[in-house]
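In what follows, a structure is listed as structure tokens, so that the remarks can point back to it.
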Amino acid sequence: MDYQYWNPEIEKMPRADLQALQLAKLRAAVERALGTSFYRKRFAGAGITSADGVKSLEDLKRVPFTTKQDLRDGFPWDFLGIAREDVVRLHASSGTTGIPTTIYFNRGDLGRWASYVARCIYGTGCTKRDVFQNMISYGLFTGGLGFHAGAEEVGMMVIPSGSGNTTRQFRLMRDFGTTVLHATPSFLLHVESRMKEEGYSLEDFALKRAFAGAEPYSEDTRRRIEDLLHIDVFNSYGLSEMNGPGVAFECQEKNGLHLWEDGYIAEIINPETLENTRDGEPGELVLTILCREATPLFRYRTRDLTGFYTEPCPCGRTHRRLRRITGRSDDMLIINGVNVFPSQIEEVIMAMREVGNNYLIVVEKDGVLDRITVKTEVGPDIFMDDSRPLNALREKIRKTIQASITINPRVELHEHGSLPVSEGKAVRVKDLRPRDV
Ligand code: ADP
Ligand code: ZN
């Protein structure tokens, strides 16, 4: 394969040099963070009063973890590391799991962020000749403006279409010959579902690639989008606390996400014991940001579950690759005492070709027991008035899910394109069980 690198010197840097670079940046970050009221206290508790408290990368482990709750408690200014007049932008998380958290940027931070995103985009094979349609929400959410800036840095023609409004998305895609899309995987599937109805076919478009992220999805979902749209789909990972997109991204190998270790120090911990796991073992991702001055964060617990590949990537990049993120530690459902991740169910149903592009998991109480219902759309060629094949499909889905999660779900089939679609992150689970019981 012909690999292309945005910043070859950094992307292929020998690991010893990369670690030396991390240590130098870490020490500078510690020095700066002493200017925030949160870390001044935190570091004092750990006996760190200057950069000299961190002499090796190992010393980072003396600093306690930072959590989302810390960010909320420190709202709005406790994490600000620069003068307020030097802040040029703020962003906030989507608030999927509670009150959103706020992150500040100075001008240099925005430039660095854009260059990390550009590195991701260029590494998938895009060039300035590409036309990039950014089908994700702009505004406080980092996915819109983050990708926008990175794509402009690569020099692509950017169409800031934002999310939603599929009719207009199709028109833009056709009129300007869009070659690259960015969206959530669920929105990409939704767009494909609507194509025929809106009077288009694939020949009307010049699509080659899509970047899909912001929510967990399985390898089967990736393959489904690739097969339906005849494109390459690359996994994009980021979170607003770490700037947003540009943290980790797949290269042309499409096998694991290179985490940019000149900008972030990554650890994987066991979320129960909080100990670092051994090389390659799965756990929760913990990140320290080295590429942002305005809001330093050390050992931030992302709650995202993943692990590192231990083998080097054939592309020659030395930055380690993350495995596909399976979900957050707090996504886990406990159904009659059994732990179930929504991603386990997604994997099973998205691999079935008769199943459509959308699904929803509903959990309810049925007396003292929990009951799980999986609602799935059927494919476009299946008609809802022919009950025999539907019963067989329902039974097939039920059995396959049961084999995977050991729990017997109810399965409901819905017409193609009839389940609700969200414009931002997909809502895949409705847990209707009463709380605090
Ligand atoms: P919120 O935490 O409120 O959803 P963010 O907008 O910061 O706010 O979302 C970041 C989160 O989105 C990540 O922590 C992760 O859980 C999820 N996410 C982002 N990209 C991916 C991806 N490629 N695969 C799985 N999950 C992802
Ligand atoms: Zn690679």
Side-chain angles (χ1 to χ4, degrees), residues 1-6 8 11-12 67-69 71-72 91-103 119-120 122-125 136-147 163 182-186 188 210-219 221-222 233-261 284-287 289 297 300-306 308-309 311-332 341-343 346 422 424-428:
M1 206 182 294
D2 252 349
Y3 300 110
Q4 58 179 35
Y5 313 93
W6 186 248
E11 291 172 52
K12 295 193 277 184
T67 62
K68 214 172 186 100
Q69 193 57 45
L71 282 173
R72 286 177 185 146
H91 275 287
S93 73
S94 316
T96 310
T97 57
I99 308 162
T101 50
T102 312
I103 298 295
R119 191 195 288 183
C120 298
Y122 194 73
T124 65
I136 207 140
S137 43
Y138 278 65
L140 285 173
F141 177 61
T142 52
L145 286 166
F147 260 93
S163 65
H182 171 224
T184 57
S186 51
L188 288 170
F211 309 137
E215 61 190 25
Y217 61 113
S218 64
E219 198 55 45
T221 297
R222 183 228 297 266
V233 173
F234 297 87
N235 196 354
S236 156
Y237 171 77
L239 60 163
S240 56
E241 292 83 355
M242 293 292 136
N243 285 352
V247 177
F249 218 84
E250 284 183 327
C251 65
Q252 283 150 292
E253 290 290 325
K254 294 197 296 188
N255 184 21
L257 304 94
H258 288 285
L259 184 133
W260 302 125
E261 295 182 87
E284 176 185 331
L285 179 66
V286 169
L287 292 171
I289 186 162
L297 284 179
Y300 180 71
R301 288 191 59 182
T302 66
R303 297 191 280 186
D304 291 325
L305 300 173
T306 178
F308 276 111
Y309 286 100
E311 324 78 65
C313 184
C315 76
R317 289 180 178 83
T318 50
H319 302 238
R320 287 177 299 168
R321 283 170 301 156
L322 286 181
R323 294 176 187 280
R324 185 173 282 279
I325 290 92
T326 48
R328 310 192 201 216
S329 48
D330 36 15
D331 277 347
M332 191 178 76
F341 278 98
S343 57
E346 186 206 272
S422 122
K425 297 178 188 238
V427 181
R428 296 301 199 186

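Note that ligands are numbered from 1 as they come in the structure, with each ligand's atoms numbered from 1 the same way.
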query = Can you find an N/O atom of Asn235 closer than 3.5 Å to an N/O atom of ligand 1?
reply = yes
* Asked: In terms of ring plane angle, is the pair His182 and Phe211 parallel, tilted or perpendicular, where the classes change at 30° and 60°?
  -> tilted
Between the OG1 atom in Thr302 and the CD1 atom in Ile325, the distance rounded to the nearest 0.5 Å is 8.5 Å
Atoms of ligand 1 under 4.0 Å from any heavy atom of Pro216, numbered from 1 in the order shown, are 24 (N), 25 (C), 26 (N)
Check: Would one find an N or O of Thr142, backbone or side chain, under 3.5 Å from an N or O of ligand 1?
Finding: no
Open item on the list: If the contact criterion is a heavy-atom separation under 4.0 Å, does Arg324 count as touching ligand 1?
Closed with: no
What do you reckon, does Ser236 have a nitrogen or oxygen under 3.5 Å from a nitrogen or oxygen of ligand 1?
yes
One finds that the ligand 1 atoms under 4.0 Å from a non-hydrogen atom of Lys425 are 4 (O), 5 (P), 6 (O), 9 (O), 10 (C), 11 (C), 12 (O)
Q.
Less than 4.0 Å is my threshold; does some heavy atom of Lys68 fall inside it relative to ligand 1?
A. yes
Check against side chain to side chain contact (heavy atoms under 4.5 Å, CB included), Lys68 and Ser93
CA-CA 10 Å; Lys68 214 172 186 100; Ser93 73; 4.2 Å; yes
Ser240 heavy atoms within 4.0 Å reach ligand 1 at atoms 7 (O)
>> Using side chain to side chain contact (heavy atoms under 4.5 Å, CB included), reason through Cys120 and Ser236 one step at a time and then give a plain yes or no.
In response: CA-CA 8 Å; Cys120 298; Ser236 156; over 6 Å; no
(request) Using the ring of Tyr309 (Phe, Tyr or Trp, six-membered ring only), decide whether Arg323 places NZ or CZ under 6.0 Å from its centre and within 45 degrees of its axis. (result) yes
Subject >> Within-cut-off N or O pair, Ala214 and ligand 1, under 3.5 Å >> reply: yes
Taking the Zn ion (ligand 2) as the apex, SG on Cys315 and SG on Cys251 give an angle, to 10°, of 120°
**Prompt:** So, Arg317 side chain and Trp260 main chain: donor-acceptor pair closer than 3.5 Å or not?
**Reply:** no
Only residue of Thr102, Thr142, Thr101 satisfying side chain to side chain donor-acceptor pair (under 3.5 Å) with Glu241 is Thr101
Vertex the Zn ion (ligand 2), ends His258/NE2 and Cys313/SG: angle to nearest 10° comes to 110°
Ligand 1 atoms nearer than 4.0 angstrom to some heavy atom of Tyr237 are 20 (N), 21 (C), 23 (N)
Contact region, Asp304 to ligand 1, non-hydrogen atoms below 4.0 Å, reads side chain
Ligand 1 to Phe141, heavy atom cutoff 4.0 Å, flagged ligand atoms 6 (O)
Rounded to the nearest 0.5 angstrom, the CG-CG distance for Leu287 and Asp304 is 8.5 Å
Look at the aromatic rings of Tyr3 and Tyr5 and report parallel, tilted or perpendicular, splitting at 30° and 60°.
-> tilted
